[in-house]
Amino acid sequence: MSFGTPAPEDQQPDHFEFTAENLERARKIIAKYPEGRQQSAVLPLLDIAQRQNDNWLPRAAMDYVADLLEIPRIRAYEVASFYTMFNKAPVGRHLIMVCTTTPCWLCGSDDVLRAIEDKTGLRPGQNGDDGMFSVVEVECAGACVNAPMVQINDDYYEDLNYDRMVTLIDELKDGKTPTVGSQTGRHGSQAQAGPTSLLDRRPPDVVAAASED
Amino acid sequence: MPKLTIDGIEIEVEKGTSVLQACEQLGIEIPRFCFHDRLSVPANCRMCLVEMERSPKPIASCAMPAGDGMVIHTNSDVVHKARKGVMEFLLINHPLDCPICDQGGECDLQDQAMAYGFDRSRFAENKRAVKEKYLGPLIKTFMTRCIHCTRCIRFADEIAGVPELGATGRSEHMEIGTYIEKAITTELSGNMIDICPVGALTSKPYAFSARPWELKRTETIDVMDAVGSNIRVDSRGGEVMRTLPRLHEAINEEWISDKTRFAYDGLRRQRLDRPYVRRDGKLEQATWPEAFGAIAEAMEGLEGSAMAAIAGDLCDVEAMYALKGLMASVGSPNIDCRQDGAKLQPDVRASYLFNTGIAGIEEADAILIVGSNPRWEAAMVNARIRKRWLQGGLKVGVIGPQVDLTYRYDYLGAGPDTLKALADGSIEFAETLKSAKKPMLILGQGALTRDDGGQVLAATRAVADGFGMVKDGWNGFNVLHTAAARVGGLDIGFVPGEGGRDVAGILAGAGEGAIKLVWLLGADEIDSSALSNAFVIYQGHHGDRGAHAADVILPGAAYPEKNGTYVNTEGRVQHAKMAVFPPGDAREDWTILRAFSQQIGKALPFDDLHQLRRKLAEDHPVFAEIDRLHPAEWQPFGNDGEMGSAVFASPIETFYMTDPISRASITMAKCLDEIEGRAAAE
């Protein structure tokens with residue numbers, strides 16, 4: 001996992017500081033924890049730091065968060081290095097996280113990876129030169145019903161195949177905002193071929209049924 | 001108090017005792033890796049599993065508090081199966097490199113694998129490999145061997161107070177380290193080598209040099225500071241191979257400082273291994289009779305008052321006692337053991353002791369530190385203060401150098417003015433001291449080695465009296481020494497006699513020509529260039545500052561090479577034992593003095609160590625009892641007068657080099673470079 005390894009010294013910024021707005025948010029989060037337990041805010045604060053810093057967490061940011069919470073810096077490093085969602089090295093504007101765990105793989109995640117490589121030339125763990133894309137392989141993201149899927153930054157894109165992945169990348173390249181969720185248009189995780197049973201009846205009113213009991 | 005049954009034996013234990021500790025009280029050994037008596041309990045190695053009735057699965061005994069009515073089995077099939085399973089998992093990623101591992105022969109994992117290991121591996125995949133970490137010049141890492149017990153992390157956090165180590169990454173990628181490569185900046189880092197249950201952290205200076213079963217173990221006392229840490233010197237042939245801590249709950253618990261542990265390589269370098277005599281301005285090798293002859297010649301016709309003797313910081317009491325006897329026999333009152341000029345007098349024993357005792361720190365609820373940096377002057381004392389601080393409810397105030405002591409303190413000021421203000425009650429900290437039940441103060445040598453040291457002593461005494469630090473069963477007045485020989489020297493009264501000169505007087509006298517002969521017993525911390533007009537005899541073990549100024553050099557023995565008595569800063573008398581023989585022609589110091597006394601026809605009245613010690617105990621009853629503390633009587637002491645205004649400074653400029661042995665040590669030189677150098681740069 002190349003984004004788990006800290007970036008080399010020459011890529012590390014010397015200085016990091018929250019923007020005034022983020023500092024305000026950080027203070028609100030810290031205030032949620034009881035006196036003496038402020039260290040619990042390390043996870044959300046690191047997340048804010050990563051969002052502020054182009055989706056990656058330089059060492060200066062970890063130091064800054066640790067100092068802000070008055071905890072030893074190594075404690076922030078421990079947390080940041082534990083979670084793979086924290087990128088410890090620069091990533092592209094669109095970080096494509098491809099799920100290749102068994103359900104997605106059975107439904108064709110290899111095709112998705114092939115589509116990504118064909119379109120961007122990137123294999124998992126690689127960074128594009130243009131700063132547009134980074135690709136990483138992830139373990140189950142919990143959307144097995146809509147496999148295969150990828151996560152791009154904060155959003156899930158589901159029900160993919162080779163062509164749909166190509167379209168998705170094209171749209172991102174053109175600066176458009178692709179539809180989030182299923183790429184086949186199905187609603188949530190309902191059955192792929194539409195309803196198959198109880199076709200003659202409307203779904204019972206669950207709330208009404210419960211109140212009758 | 002919960003009552004439980006372990007292997008059919010009923011036992012009642014204190015509330016809060018863990019099942020593992022309860023087992024230990026019964027003498028049942030439970031295997032463990034992560035659990036350590038003095039560290040917090042993470043329960044992550046799972047080796048200490050035991051069977052508890054009515055529990056569906058084995059329990060981790062280190063983290064399970066003993067409960068009433070528990071029925072524990074430590075030797076059942078379930079237990080064995082569970083531990084074997086844990087061991088198999090631990091060995092999956094542990095390399096089978098015991099033959100090339102420095103921990104081999106004293107490795108917890110090796111020992112426990114003998115009991116619970118499987119005779120072959122069922123793991124066919126590749127073992128993981130972990131990059132080595134750089135942790136400084138003292139700790140060698142082999143992180144592939146690490147079993148993630150996290151003892152080192154907890155030690156750094158809790159005991160040493162430098163939270164620099166952590167576990168980064170997760171699952172198979174988890175690694176122990178500092179994340180950013182750097183040397184650990186603590187003076188207690190060597191203890192991590194001891195607590196590491198495997199060969200992941202080993203000693204760099206000792207690497208690949210000996211196996212534990214080749215070593216002769218000698219239980220002795222450390223002299224690198226005045227704490228008197230109990231140590232074990234491991235030697236092979238005539239060489240000290242390493243130094244390890246020995247358990248003494250009242251002094252060093254089971255830790256020692258890095259200087260104590262690693263300065264031993266200084267014992268091999270710069271040694272004086274034969275007598276030298278200066279002929280035509282050059283020091284030339286000589287025999288013992290020649291050297292003694294030269295001294296006798298120089299002494300001939302000299303008045304007693306023209307002779308002087310200074311004892312150094314590493315001297316054993318026997319040698320000082322013999323030298324005192326020798327100087328008395330030639331009629332010289334000019335003797336002094338206070339090389340640094342500390343204004344301490346032997347009259348009142350309580351005036352120069354750490355009266356509370358090191359273990360007593362744990363009872364204190366307010367500590368005032370005056371003119372001292374305990375972290376460098378006595379690392380074990382500082383560790384004890386930190387231990388007390390972690391328990392909560394301790395307030396610390398500091399007057400003197402403002403440094404990182406690993407615990408929080410109120411910085412009150414830098415010099416005597418603050419001390420005055422505190423005595424007046426015009427500083428807030430005075431309230432803290434007043435309301436404390438067991439307040440104590442620690443007075444460092446930095447406040448005593450000044451011209452107004454006697455006045456500072458009186459002022460701190462007044463503070464101790466004023467804030468009720470001295471009362472029934474509690475004496476909170478503490479002098480922290482830096483020299484291992486100092487308390488012993490004061491105890492035998494190695495100070496100027498009637499009309500005698502102290503160190504400053506001797507140096508001045510030598511310049512004026514009033515002092516014609518000076519006997520330096522391991523005295524290296526004085527300005528020896530001031531002695532150029534006098535005839536200088538240097539008796540010691542290292543070719544350090546003192547030896548350069550000498551006209552005759554008598555080679556003595558260093559601390560692991562002699563049976564000597566040392567008194568630590570608490571006033572605790574301890575015997576150091578000979579681990580190896582002194583090199584070459586060097587001899588134990590008291591025997592040199594005894595032999596010389598015979599040469600000039602004034603033979604000292606003892607022929608062997610037992611006679612010497614018996615005489616010593618007759619003259620000074622404190623030496624009759626070993627390793628016992630008796631409260632010293634509280635009487636007036638100190639000098640009247642105004643204190644100056646100069647700020648207090650710590651007498652130690654660099655932790656790693658304070659005496660001839662550590663100055664000769666390459667390991668200490670590396671530490672100085674990398675750890676203190678880096679800290680200074682930051």
Side-chain angles (χ1 to χ4, degrees), chain A residues 1-16 35-40 42-43 46 49-50 56-89 97 101 124-125 136-140, chain B residues 40 42 44 128-136 139 141 143 146 148-186 189 192 386 389-393 404 406-408 678-679 682:
Chain A
M1 295 239 215
S2 68
F3 310 119
T5 316
E9 274 318 303
D10 55 347
Q11 290 181 27
Q12 295 279 0
D14 293 334
H15 184 71
F16 178 91
E35 191 61 39
R37 297 276 184 275
Q38 279 73 12
Q39 66 203 50
S40 301
V42 67
L43 212 46
L46 286 173
Q50 169 158 306
W56 77 284
L57 204 51
R59 203 169 62 218
M62 301 182 218
D63 290 347
Y64 175 80
V65 168
D67 294 349
L68 191 66
L69 295 172
E70 292 174 12
I71 55 174
R73 290 177 170 187
I74 183 75
R75 297 286 96 86
Y77 305 153
E78 284 181 322
V79 172
S81 65
F82 184 88
Y83 292 99
T84 51
M85 298 79 166
F86 288 124
N87 304 311
K88 271 72 71 181
M97 293 164 260
T101 308
V136 67
E137 210 174 354
V138 297
E139 298 305 325
C140 186
Chain B
S40 60
N44 57 9
R128 80 182 197 134
V130 184
K131 223 177 118 186
E132 298 325 339
K133 304 281 183 295
Y134 177 79
L135 295 181
I139 303 178
T141 65
M143 297 318 276
C146 176
H148 299 163
C149 70
T150 69
R151 274 186 189 178
C152 52
I153 300 178
R154 284 174 284 140
F155 177 85
D157 261 19
E158 294 161 20
I159 310 284
V162 284
E164 293 172 2
L165 274 176
T168 54
R170 66 187 285 188
S171 66
E172 207 194 355
H173 302 282
M174 178 168 152
E175 293 181 15
I176 307 289
T178 49
Y179 197 67
I180 304 161
E181 234 166 50
K182 62 169 190 169
I184 306 259
T185 50
T186 167
S189 65
M192 289 182 202
R386 177 174 164 80
W389 179 77
L390 283 177
Q391 290 162 0
D404 177 11
T406 71
Y407 41 84
R408 256 185 221 145
R678 187 182 294 259
E682 274 169 9

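Since we're looking at a predicted model, the values are computed, not measured. Just so we're on the same page: letters track the sequence lines, and every chain starts at 1. Computation of the quantities below employed the complete heavy-atom set of this structure, encompassing side-chain atoms and omitting hydrogens, waters and symmetry-equivalent molecules.
Using a 4.5 Å cut-off between heavy atoms, A/Arg73 does not touch chain B at all. Heavy atoms closer than 4.5 Å to chain A are found in the backbone of B/Leu165, but not in its side chain. When heavy atoms are compared at a cutoff of 4.5 Å, B/Thr178 approaches chain A solely by way of its backbone atoms N, CA, C and O.
The aromatic rings of B/Tyr407 and B/Trp389 sit tilted relative to each other, their planes meeting at an angle between 30° and 60°.
A salt bridge links A/Arg75 to B/Asp157: one of the charged nitrogens lies within less than 4.0 Å of a carboxylate oxygen. Contact check on B/Arg386 versus B/Glu158 returns no salt bridge, with no Lys/Arg side-chain nitrogen under 4.0 Å from an Asp/Glu carboxylate oxygen.
A/Glu139 and A/Thr101 share a donor-acceptor pair across their side chains, judged by distance under 3.5 Å alone.
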